[in-house]
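Have a look at the structure below, then the notes.
Only heavy atoms go into these numbers, but all of them, side chains included; no hydrogens, no water, no symmetry mates. Letters go in sequence order (proteins before strands), and every chain restarts at 1.
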Amino acid sequence: MSDLETTERVLPSNAPGEDVAFEILGDGDFPTAEMSLSIGPAHPATHGVFRIVLDLDGERVRGARPVIGYMHRGFEKLAEYRDYRQIAALTNRHDWLSGFCNELGVAIAVESMLELEVPDRAQWIRMLMAEWNRILNHLMFIGSYALELGAITPMFYAFREREDIQHLMESATGGRLHFTYNQPGGVKIDLPKGFLKRSAEISKVTRERFDDYVDLVLGNEIFQGRTVGVGPLPQDVALSLGITGPTLHATGIAEDSRVTEPYLKYGDIDVEVPLGENGDAFDRFYVLLHRIRASLDIIDQIHDHMPAGPVNSKLPKMVKAPEGAIYVRTENPLGQLGYWLESDGGRTPWRFKMRTPSFSNVQAIPYLMQGALLPDAISILGSVFFVVGDIDR
Amino acid sequence: MAQTSLPGTGLLKGLAVTVKHLFKRPATLMYPYERNELAPRTRGVIALMDENCTVCMLCARECPDWCIYIDSHKETVPPAKEGGRARTRNVLDRFAIDFSLCMYCGICVEVCPFDALWWSPEFEYSEYTMDALLHEKDKLREWADTVPPPPALDEGAEAPAEVTEAIAKAEKELEAAAQKEADKAAAAEAATTEAKAGGSGPKKADEPKVAAGEIDQETYDALIAEGKSERIARSKAKAAYVKKEKARLKAEADAGGGDAEAAPTPKAADIKVEAGQIDQETYDALIAEGKTERMARAKAKAAWVKKEKARLAAEAESAAGAGAPAGEEAEPPSPTDAAGSDQAPSTDAPAEEPAATRKLGDVHVEGTGEIDQETYDALIAEGKSERIARAKAKAAWVKKAKQAKLDEEGGA
Amino acid sequence: MTGLDVVFVLVGLLTAAGAVLTVTSKNLVHAALALAVTLAGIAGVFLVLHADFLALVQLVVYVGAVAVLFLFGLMLTRAPIGREALDSQNRGLALAVSGGLFVVLSTLIVLAFGDVRVDAMTGPGIDVIGIAIFAVWVLPFELLSMLLLAALIGAIVLARREDGESGEEAEVTRIEVGDPPINESDGPPAEVAGDGQAELPAGSGGGGQA
Amino acid sequence: MTVLTSTTALAQAPSILDVGDGVVLPILLKVALVLGLFFVVPLVGGYLEHKVMGRMQNRRGPVEAGPFGSLQLVADGIKFIQKEDIIPRAADKPMFALAPGLALVPALLVFLVIPLGPGVFAVDLELGLFYALAITSISVLGILLGGWASANKFSLIGGLRAGAQLIAYELPLIITAITVAVMAGTLSLVGIVEAQANFTLPGLEGFNLWFVFPQIVGFAIFFVAAMAELSRPPFDMPIGDSELVFGYMTEYTGIKFAMFLLTEYAGMITMSALMVVLFLGGWQILPGVATPGCEGAAGIMSCDPIGIAISVLVTLAKIMGLVFLMVWARVAYPRLREDQLQRISWLVLVPLSLANLAFVTILTVVL
């Protein structure tokens, strides 16, 4: 594969590091005019309204400029005019594949400000839901990444699994994507009867079907041909661009909030962080796939730990965070999600800043795409997992 | 990581996976012909029981995208008694939800203090234009009929406030009755307590309320020995404890209520106070009175528990009349019984009218949401939320009213 | 006049029309397509003359390969497409050369065959051709293939010339490939938005779920 | 010269359409009949693809149109006809309109020479195989033009990829076909089927074999090259929906789009039919098994109507089997990259097919 990689790649000039212009070396003897190809905002590969302008030399990418903002909904400003319960319902929606994990961050932030004690059972339920949500998210990307590489089938399998899990989560939360299950102080209502049993069943089934994805996608030589060595991300670049989550783990760095600074009860159980070696597209996919298995392990542990008791603590009718500020970070499916919550003591935040993983992760795209072929550009675009709403907010 | 033993194995495995699925049942649900069973909590559409709505506007104010439209006017209600003061109340003219704006967060349902808004799993209300998604209260009222009963909670869950309160109340009443007669039969009580003490766990004999979280150590050990997981054992042991404890309380009450020999303890396994059982009669009556469904259900539940206990007591009495020895009947439940406690043996038992003396729970009082201000203020002062305080105050009012009525009757 | 003659005339006219279009068309791709028509017409002529094998060879080699390669190269190298670029100042000279060539060739054919009737109904079968090529004329055939091989290698050598030797590279002009093929009847030259987005239909939605 | 033998005798095989004492139905009628059949078979192939793909993906595929959804493609066709025919403003209108036809017609013309059973074919050309390959190579002209005329960058890249793919895979395809012709000693498709009825390997006299057994490598090469030439996944880079939206078809709508789709299905059928004829013994049930109702070795000569019906069904079954394989590959595999595809062709398939040709030629000459 790599013998095609005749191009020396450099950091885009806006990234920390030396200031180098785009330059293609070893360009051959048929210099041709550049073509600028706009992929998106409505293009099948961009899953959402994301646009990327490629400067093409034949099928080789000379430069890539992501154009974001087509989906900007002003979340941070909206949040300043909503109380904390409403913010939880809002944050569901910026990364619509990880609704639960998003609202979890808000709940933890508010609780920390209020110094609120959250019942044990609520924390375990939150973990259980967060891990199921993680699997939901990863299944989506596994399906869509395979689809971007032209394999249609994994998408259908992934959606079959997603349907089971969504049904499970719906039975407890009432929602399929936007769960709105967290509230400051715990979760809204306890699990329905039989939930844990079904959860264990689905965990078992999903684990059994895991091999299908390994055989169908990960082990496939064509898939490996399309991904191994494509878009390798060096560790230092990843760190300097603030990349987190599976994209970072693929480079071999095990920075995961669940392990490094455990929240909820993650400290009480074993959390495995699958790691890659080269940070290429294959490793990114590998990490994503194995995170499903890791999450299933966590879920099984949670089943064994689930205590009895209340699931929420009594709150005043109007939650008012005391004056002050806090930064809370949680490990979202796509990377670290940070919420900066600043309160002037009122019922709404004075400032609500989001540090979303997708926004940081797309910073890697211009770097990764330099010198890639057009089909590789798609492979790279798909392997840097992002949700457009999470970029634009 | 990208290793395969032989080139082409990966390709063959891909073929194997797909051909394996060729012979599997498709996962498709043939939607218009088959329907998915949606969970009761599914947030499909918001239903309105407009008779419960007091036009407090909380939902409209809390809605993050302001999609609820409410119009109302004030109406003067003539005084209930002559010479009383005329009161005004709000009358709902319009209640509309724009489902093209709604983001289905459920905050309105959550904040509604009078249980006027409910989630229904209905979802097939798509329209060809966005305007048509603005639904008025007639339509919202229709959906209210599709609201399913809430699902039972997980074993490890704390029972909902309504249920715990109702149970606690019923048990308090029983205990009060027992206390009343305790002087008459102190010796008998002591004997019964002793007889029960062997099997009823390490709890205090006079604990009035069955606290969640206690476990029946015996059952627990037995289950662990059987190789069950700790979690399962704990939950079952908990259930066993609750059952035993209730049996014990019941026994105490019965013992207090009558002759020691004539009032043997009913079989512990028969008393299964399962949350969710409701007394249909009470329920219907309350609904007919215009109570909210939730309140009616809670009360009916309490009524059921009471009736059931009364029935069991009556049974036990008659059994004692037939000369059954008390000690043998009062076996402690075995671990297997405890393990099987998920099945409710008394579910189908007819709710007979108890022949016992009138107790507090039998008294029926009219009430439409009055609250006991004293209790309310006390609770608010304690820092409880308004909603909880109101609910408790309401309960307190009902209790007081009943007590008053009972006293009146007794006096008569 | 037999039916075959009619077909021959029709195919001939088609071929000639294609040839004329090839040189008069102002659009390179149109010209290439007209060339393909001409080549296919010649295959038709072969067919009429019962030279099935030759006709199919003509199709495979000229229509299937040469014309495709031509179009392919045209689109890939982005030769300037448009009126001015194609307007040759040597029209008169070209006309003179091709006219002269036509006169010479037709004179030669008439002189060589005169009014000798050629039986067109019995074209050679492939076995005859095979034997002719591989038995009787094997030496010239092999020589020809050697020549082609040499040409091929030469082309590769030219294409792979080292940097610097190639002298001045053609100046690279930035051309939008999606530029509209100029169509005279279409009013003002339609402008495609710089990034080709203007005419894009909504995506097929394959990945639109995410 | 055993390599190239004339097959004029075989070319005179009796036709099903010879009625009574030598009254031959006009060739146009024959053509119409065969074309009619071949308009239906692609639809069956398309239905098979929908259904198999659905089941392999754990869903049902079409169910509503017709019994078990069997009329889905017909319904699709009606839908396409009703759709608005959009031509982009910047497009080269005549070329844009011409391209789908230019792609479809050659794909249909190939049907003329493909034998479905003894005597069931429109014409038996002496150069049938050569004809089929020559005609299929014209299809790409339409695709290339369609891509260019759409005035869309995605379309153009798709068209170019299609062209590059065709050039790359035409070579192994033709070389492999030639290899079979060398073995059969004829270029007539009917002749090749008949040659397989009598084919055997030295040392295995008495055991009838199809060409697929000695030519398993050739069959594999032909199969891969055929899929690449048809732009079937995993070689569907010209369409590559995640990269090129829909490649050369991006701007096409309505009936023109349907024509491109039909080209693909027709191509699947013709390529499968060619493979059946070249490698899988045509209409023969099994090697050395005589078709009921037919006389002669493996039912080659003179069949009664039942025998002919059985033969046609056998051919269709084999074609559908190969279509199934193509669909299976589509379900199971992701798409290759354009340069990987070229690499496979030039570095693997071409040398392999050349070696195969040399091997078979030597074998044939020696024997």
A quick test of your reading: do over 12 heavy atoms of other residues, nucleotides or ligands sit less than 6.0 Å from [atom1] of [X]?
X: B/Tyr69; atom1: OH; answer: yes
X: B/Arg25; atom1: CZ; answer: no
X: B/Tyr128; atom1: OH; answer: no
X: B/Glu37; atom1: CD; answer: no
X: D/Lys79; atom1: NZ; answer: yes

Residue pair B/Leu15 / D/Tyr333: nearest heavy atoms and the distance that separates them: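 Minimum heavy-atom contact is CG-OH, 3.3 Å.
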Distance (rounded to the nearest 0.5 Å) between B/His21 NE2 and D/Arg55 CZ: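 Between atom NE2 of B/His21 and atom CZ of D/Arg55 there are 11.5 Å.
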Which atoms of B/Val19 approach chain D - backbone, side chain, both or neither, heavy atom under 4.5 Å: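 Both backbone and side chain of B/Val19 come within 4.5 Å of chain D.
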B/Leu12 versus chain D, the contacting section by heavy-atom distance below 4.5 Å: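 Contact with chain D is through the backbone of B/Leu12 alone.
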Pairwise side-chain contact, D/Phe324 with B/Leu22, heavy-atom cut-off 4.5 Å (strictly under):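 Yes - at least one pair of side-chain heavy atoms lies under 4.5 Å apart.
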Trace of the side chain to side chain contact (heavy atoms under 4.5 Å, CB included) decision for B/Met30 with D/Arg60: CA-CA 9 Å; B/Met30 303 299 291; D/Arg60 285 175 197 269; 3.1 Å; yes
